[in-house]
Amino acid sequence: MRNLRLLRAAGRRPAAIPPAAPQRFCLGAEPGVVLVGSPNGLVELGAAGQPVTREVSLTAEGFMPEDESGSVVGIEDIPEQECVCVATAAGDILLCNLSTKQVECVGSVDSGLSVMSWSPDQELVLLATGQQTLIMMTRDFEPIAEKQIHQNEFGEGKFVALGWGKKETQFHGSEGKQAAHRKQTEVSPTSTWDDSRPRVTWRGDGQFVAVSAVCPETGARKVRVWNRELVLQSTSEPISGLEQALAWKPSGNLIASTQEKPNRHDVVFLEKNGLLHGEFTLPFQKGQVKVNELLWNADSTVLAIWLEELKTENSNPSSYVQLWTTGNYHWYLKQSLHFGNMEKNKLVSLLWDPVVPYRLHVLCQGWQYLYYDWHWTTDHGMGQNSQHVANVAVIDGDKVLVTAFQHAVVPPPMCTYELQLKQAVNQVTFHTDPKHSGDMAVLDADNKITVYRYGQRTVKDPAIRLGAVGGNGFKANVETPHLDKTYRVDLGSSADEMMHPLGLRCLTWLPDDSFLVVSQDQHASQSVLHHLTAAPHVTGAEEEHLNLRLSVPVDGEVISLCCSPVTKTVALQLADGRILKYLWEASPPVLEPWQSSSGCAVQFPQLCVQTALTRIGGEGFFPSVGIQEVILGLTDRCRFFVNDTEVASNITSFATYNEFLLVTTNSHTCQCFCLKDLTVKALQAGLSSAAVPNSETLRKVERGSRIVTVVPQDTKVVLQMPRGNLETVHHRALVLAQIRKWLDRLMFREAFQCMRKLRINLNLLYDHNPKVFLENVETFIKQIDSVNHINLFFTELKEEDFTKSMYPTPNGSSNAQPRQHLNQKKVNLVCDMMRVAMERIDPEKYCLSILTAHVKKNPPELEIALQKVHDLRESISPNVTAVSAEEALKYLLFLVDVNELYDYSLGTYDFDLVIIVAEKSQKDPKEYLPFLNTLQKMETNYQRYTIDKHLKRYAKALGHLSKCGPEHFSEFLNLVKDQNLYCEALKLYASSTQEYKDISDAYGEYLIQKQLYEQAALIFARAGIFAKALDAFLSSGSWQQALCMASRLGYTTDKLSRLAQSMAGKLVEQRRHAEAAMLLEQYAQDYEEAVLLLLEGALWEEALRLIHKYDRLDILETNFKPAVLEAQKSQLMFLDSQKTAFLRHKSRLQVVRELKEKASESLHDYEMPNCPELDLFSETSSVVTASDMNSKYSHSNSRISARSSKNRRKAERKRYSLKEGSPFEDVALLEVLGESVRAVENVKGDVHILLKQLVLFGFDEQAVGLQQVLEEVLQLMETSIPEIWTPDVQQSSLNPVLGPNSTANSIMAAYQQKRMLAPVVQDPELLIPPKLNKNLQWKLHLLQ
């Protein structure tokens, strides 16, 4: 799908033209140097800008005759020897030094030479002599071998006959058996115009050489292949009409020659074994032209053919050079150079450049040297919104093959339609006005511009023929253009100064219907930009003129010209990389340098063969610059530039489309970037790094793919493979961008169809903009208008937000769910909204979709769905198209597992529905029919109970069973007990019924089993089962409620007294002395025992009250005073033991901390330079200390098994061991010290009450002693707390060094501040000091 477009055409001739015509030329080692051989000698044409011409005369040395009758048969520059090798027809081989002008004859052949040909590596030279022999020599002209050209044998590669049968017995196909007896036709001799000289061509690697020579016996040419030692390898099969031209493809697989056939003139290809392998026909009549030479370019992609006319009367024959390329096994004529019939323009020789693959060097008879540079380009429509936007034009001789990718992807060499012209085409350009982007202008070999336009034309143009899309009775749905006008370009050059071939290039059709074209100044290396406008129409004229509006000389050679259809900007690229902007709309139009946003002139670092204009979000580092127009350039070495910034070096092709840039890379990927929000730096980063795996910007493509075009308003990207076949891909970025545009415009149908076709997850329809979707649910349903498609949408719904996972939005914008539906799940919300909308629009039509909405919800609403199916069976719809219950059920079975649906159908209690579902399932009728028959015989409520129990819906089963009457109550109660459905059961009966009482009794027993005595008692009491309620209240310790139950049971005084005594005993066990004393005094009338219990519980004031109430002052002496003194002694002992333990633990804590500090310092000094061990700290480890090293304790004490709660509690208590040397000894000490402080703090209230009793009964001495001891202990603890719970310890409890919020830096800082001394504990409250309540006034003033 590519054409050859001319990059530059330049030429020069020597200042003083030598008298004799040139004969041959070769290229010098230095760029631009040309060495020309003539009958007088050797002439060197310097590079452009170097007018110096060096010359070596061969006539003066006597190697060539003075009368200019001699000829040069070969010329080759040998850079290593700094000389040029020249072979003359007389037989001399000369080495000419242009610097010293010395000529050395290194050998001579008496019979003369017809050919000298050097191998590509310049290691060997082959000479063809006048005696029809071949001489192979080394580069130092040492002979290797000499052989006769005409050999009788085939060569080393002769085919081996295996002797399988005779020719007569073999199969001959359609020709029949007569073919075996037919005599071989005579090979016709070569053409009359053949010069009969041998032709020599080397394979690209120099391993073989092919020689074409006229056979003396038959007069026809034969091609023989020889190796480097001049050993014959093969001889071609007899080919009638084989001609002189011969060229071996550098890649090595084919040898090209020409053959005149009875009715046509062909270029034929031979394999190395001499057999023919393919051909193509030249576009001339038989006998119209002769082929002088065939030449392959360096990379084997272009075949140049030099032709000359044969039949000419009264004039010189015209010369042509044609460039042919192949793709998909079809040969295209891409460029035609017409050199005319003037004597001085007659071709002498031509060569392809060995280094620059698409550069052709031409030498004319008038010493005019020309060279042409081409490159590959794809000519495609440039617009974005007309219907002919994706047209691609391919040049094929005098035809233009147009493929309209908008309608169909037609593989080359086929096309949608072809345009037939009168002359060979050299360039095609499309209109740059987006509204007419299908219109084409064609530049032919005669420099005429033919314009084709689309429009209202009823008469069919005979020169436009439909290609692959027409024929066979099909009506083509594609519009074809019509020939509008043919213009002759008149640039005002003189008649004798004929413009050389391809004098016009870079044809561009501007939006205002004028043309831009570039020509080369004949005498300077600068270009001229011509702005052409159409002349007024002349009636009856076959062709019209294009007037020259303006000619602008350009300081440099224009290489390429591009125009943006959006901004209408025209940019020119010069050979030195400079970019110029042509302001064609200005008056008058002017050229100015292209400037970047910073105001610098833009210059490509390297020559770019493909350029395009586009707009990018931000040109530099910052997107704040705004949208800038930039020029993109791609070199032939895959370097890609944006303005003068190289953004990638592995790009094989690129295309721009709207705000997108698409590129293919050497790593066989196609990347797509949205330039709207992208800076150049971001683009550079995106192209240099591998994309995110889930990224929409990148996709793999076939090896060697190149972009042909992007189809606008669609998502198609057309790629061409190296062989020529096409592939269409839908790039994810383009697809998603198009879908987002459709969804923003509420074009749900187009978006849905595209997503369905290209497997885009349908959740995006909702996730793209939930609010808009929910507001336009009805629009969505009406546009989709297909039950199947709506069902497909339902089945793909998922809870995840696909704009965050699979299809992240390029600008990262969030599409949150609407605020009013935040609490609802996405799937349920969409199902409900769509179901409501469908029920409103047409519930009959969307019946299946409504069912899908119910089933898709989480949890599925299967019962409602089955109910709807049930309703369908009941109702008879007059609508013929309405869905039947049978169809609906079949559809439900497709969505839901049949066994699950069977259970749900059973739950509807509709046996007809159950049977229909069962029949659709794999169930055996022997299984379900007896069961259903049994059910049908039952009473309705009991039947429903049985079904619900079968489906394990026990709560519903209870409801139905409760309606079955008292005879089924025992069954009811058993079900309640089995399934623990007491609460549900209680709701089904009135509280006054016996059933309610029985259920409560069972419930109470169940709660007693669970040891929930108080709750059981409440249930019993509520149901009036007071005896059981009394026992339950006794078990729970609720003595007040127990007494109430005893009252309800009518207990006698005696019985009540016994009950009170037993309850008092239990309360004493629970150390509830005050309540026990109240029971004994009020219900058992035993006040003495009550006083004793109060004294036991140290409730002194209540005991005094009772003693005085019952006037038993004797108890004061016998019991009260001794008890008070005993209590004072025990308090003193307690305080003494607490003080001793406190002091012991405090001193030990001091020792432990000192040990840890020493260990930490030694570790700190040892490892501080890089501290590798810091990585090993974890939340559960503490600082390594000396005691840790040899400690047998681990953090979790493995000897402690946590089998029982008792063991677990024991393990909790033993978490921090007080054993000396244990790893958490300091924490254990903190724990014990904290407990001591809290114990002493708690005893203050008891001591205060005790002191009052001691003073009351005159025990002042004891009271003072107790008060002093407690005060001392409290003071000791108060002063010790800051020493024990230091600020460091408290700080580590607030900010633990190690933990979920710590970082490497914070750990390091703590390490350096020695905060690691603070232990790492699981109970940070241990590190918080206990509080002493100073507000509690416990001391008695009168004791101070």
Just distance, no hydrogens or angles: give the donor-acceptor pairs under 3.5 Å from side chains in residues 1095-1107, sequence neighbours left out.
unit_1  : atom_1 : unit_2  : atom_2 : d
Glu1102 : OE1    : Arg1105 : NE     : 3.4
Glu1102 : OE2    : Arg1105 : NE     : 3.3
Glu1102 : OE2    : Arg1105 : NH2    : 2.8

Quick note, side-chain hydrogen bond (donor to acceptor under 3.5 Å, both in side chains) partners involving residues 1040-1050, not counting sequence neighbours, are none
Are the side chain of Asp903 and the backbone of Leu951 linked by a donor-acceptor contact shorter than 3.5 Å?
-> no
Asn974 side chain to Ser970 main-chain N or O, any donor-acceptor pair under 3.5 Å?
-> yes
Can you name the side-chain contact (heavy atoms from CB on, under 4.5 Å) partners of Gln867, sequence neighbours left out?
-> His870, Asp871
Mind jotting down which residue pairs meet the side-chain hydrogen bond (donor to acceptor under 3.5 Å, both in side chains) criterion with at least one end in residues 1269-1287? Sequence neighbours excluded, please.
-> Lys1146-Ser1280, Lys1146-Glu1283, Glu1271-Lys1339, Glu1278-Lys1334
Working to the nearest 0.5 Å, report the span between CD1 of Ile1008 and OG of Ser1035.
-> 7.0 Å
Do you know the tightest heavy-atom contact between Pro1122 and Glu1117?
-> CD-O, 3.5 Å
For Lys997 and Ile1025, run side-chain contact (heavy atoms from CB on, under 4.5 Å): C-alpha distance rounded to whole Å, both residues' side-chain angles, the deciding distance at 0.1 Å, then the answer.
-> CA-CA 8 Å; Lys997 198 170 182 178; Ile1025 311 166; 3.9 Å; yes
Does the side chain of Leu961 come within less than 4.5 Å of Asn941's, by heavy atoms?
-> no
Are Lys1244 and Leu1274 side-chain neighbours, meaning at least one heavy-atom pair lies under 4.5 Å?
-> yes
Is there side-chain contact between Lys1139 and Leu1143, with heavy atoms separated by less than 4.5 Å?
-> yes
Between atom CG of Leu1229 and atom OG of Ser1222, what is the distance when rounded to the nearest 0.5 Å?
-> 8.0 Å
Contacts of Val1243 that satisfy side-chain contact (heavy atoms from CB on, under 4.5 Å) - sequence neighbours left out = Gln1131, Phe1134, Leu1135, Val1247, Leu1270
Selection residues 1244-1282 - residue pairs positive for ring pair (Phe, Tyr, Trp, His ring centres under 6.0 Å), sequence neighbours left out = Phe1120-Phe1257
Could you check if a side-chain atom of Gln1262 sits within less than 4.5 angstrom of a side-chain atom of Lys1129, using non-hydrogen atoms only?
-> no
Please test Ser1236 against Met1277 for side-chain contact (heavy atoms from CB on, under 4.5 Å), starting from the C-alpha separation and ending with a verdict.
-> CA-CA 9 Å; Ser1236 288; Met1277 289 182 172; 4.2 Å; yes
With the threshold set at 4.0 Å, does a side-chain nitrogen-carboxylate oxygen contact exist between Asp948 and Arg953?
-> yes
Is there a side-chain contact (heavy atoms from CB on, under 4.5 Å) between Asp1136 and Val1269 once you walk through the steps?
-> CA-CA 8 Å; Asp1136 189 46; Val1269 170; 6.0 Å; no
Rounded to the nearest 0.5 Å, what separation is found between the OG atom of Ser1036 and the CD atom of Gln1011?
-> 12.5 Å
Which heavy-atom pair separates Ile947 from Leu906 by the least distance, and what is that distance?
-> CG2-O, 3.4 Å
Would you call Ser905 and Asp910 a side-chain contact if the rule is heavy atoms closer than 4.5 Å?
-> no
Do the side chains of Phe1142 and Val1240 get nearer than 4.5 Å, heavy atoms only?
-> no
Tyr928 and Asn933 side chains, donor-acceptor separation under 3.5 Å | no
What is the distance from atom NZ of Lys1121 to atom CG of Leu1254, rounded to the nearest 0.5 Å?
-> 11.5 Å
Taking atom NZ of Lys1252 as the centre, does the number of heavy atoms from other residues, nucleotides or ligands within less than 6.0 Å exceed 12?
-> yes
What's the shortest heavy-atom distance between Leu1093 and His1073, and which atoms?
-> O-CD2, 3.4 Å
Pairs touching residues 1055-1070 that satisfy side-chain hydrogen bond (donor to acceptor under 3.5 Å, both in side chains), sequence neighbours left out | Asp1054-Arg1058, Gln1070-Arg1072
Output yes when Lys1028 and Asp1001 qualify as a salt bridge under the 4.0 Å nitrogen-oxygen rule, no when they do not.
-> yes
dist Glu1231:CD -> Asp1226:CG (nearest 0.5 Å) comes out at 11.5 Å
Minimum heavy-atom distance Asn1335-Asn1333, with the two atoms named | N-OD1, 3.1 Å
Tell me the ring pair (Phe, Tyr, Trp, His ring centres under 6.0 Å) pairs involving residues 981-1011, sequence neighbours left out?
-> Phe969-Tyr989, Phe972-Tyr989, Tyr982-Tyr1003, Tyr982-Tyr1006
Would you say Leu1251 and Leu1266 make side-chain contact, with heavy atoms under 4.5 Å?
-> yes
Under 3.5 Å, side-chain donor or acceptor atoms of residues 1077-1088 against the rest of the protein: list the pairs with distances, not counting sequence neighbours.
unit_1  : atom_1 : unit_2  : atom_2 : d
Glu1081 : OE2    : Lys1109 : NZ     : 2.9
Glu1081 : OE2    : Tyr1110 : OH     : 3.0
Gln1085 : NE2    : Gln1082 : O      : 3.0
Asp1086 : OD1    : Glu1089 : N      : 3.3
Glu1088 : OE2    : Arg1112 : NH1    : 2.4

Determine which pairs satisfy ring pair (Phe, Tyr, Trp, His ring centres under 6.0 Å) with at least one residue from residues 930-958, sequence neighbours left out, and list them in order.
-> Phe931-His950, Tyr942-Tyr945, Tyr942-His968
Which heavy-atom pair separates Ala985 from Val976 by the least distance, and what is that distance?
-> CB-CG2, 3.6 Å
Can you name the nearest heavy-atom pair linking Ala1021 to Ala1029, along with the distance?
-> N-CB, 3.8 Å
For Met1063 and Leu1043, what are the C-alpha separation, side-chain angles and deciding distance, and is it a side-chain contact (heavy atoms from CB on, under 4.5 Å)?
-> CA-CA 10 Å; Met1063 283 197 292; Leu1043 290 171; 3.7 Å; yes
So do the side chains of Gln943 and Glu939 get within less than 4.5 Å of each other, counting heavy atoms only?
-> no
Pairs in or reaching into residues 971-993: which pass salt bridge (charged side-chain N to carboxylate O under 4.0 Å, His left out), with residues at least two apart or in two chains?
-> none
Working to the nearest 0.5 Å, report the span between CZ of Arg1153 and CD of Glu1225.
-> 11.5 Å
Above 12 or not: heavy atoms from other molecules or residues under 6.0 Å from CD of Glu1261?
-> no
Return the set of residues passing side-chain hydrogen bond (donor to acceptor under 3.5 Å, both in side chains) with Tyr904 (not counting sequence neighbours), or none when no residue passes.
-> none
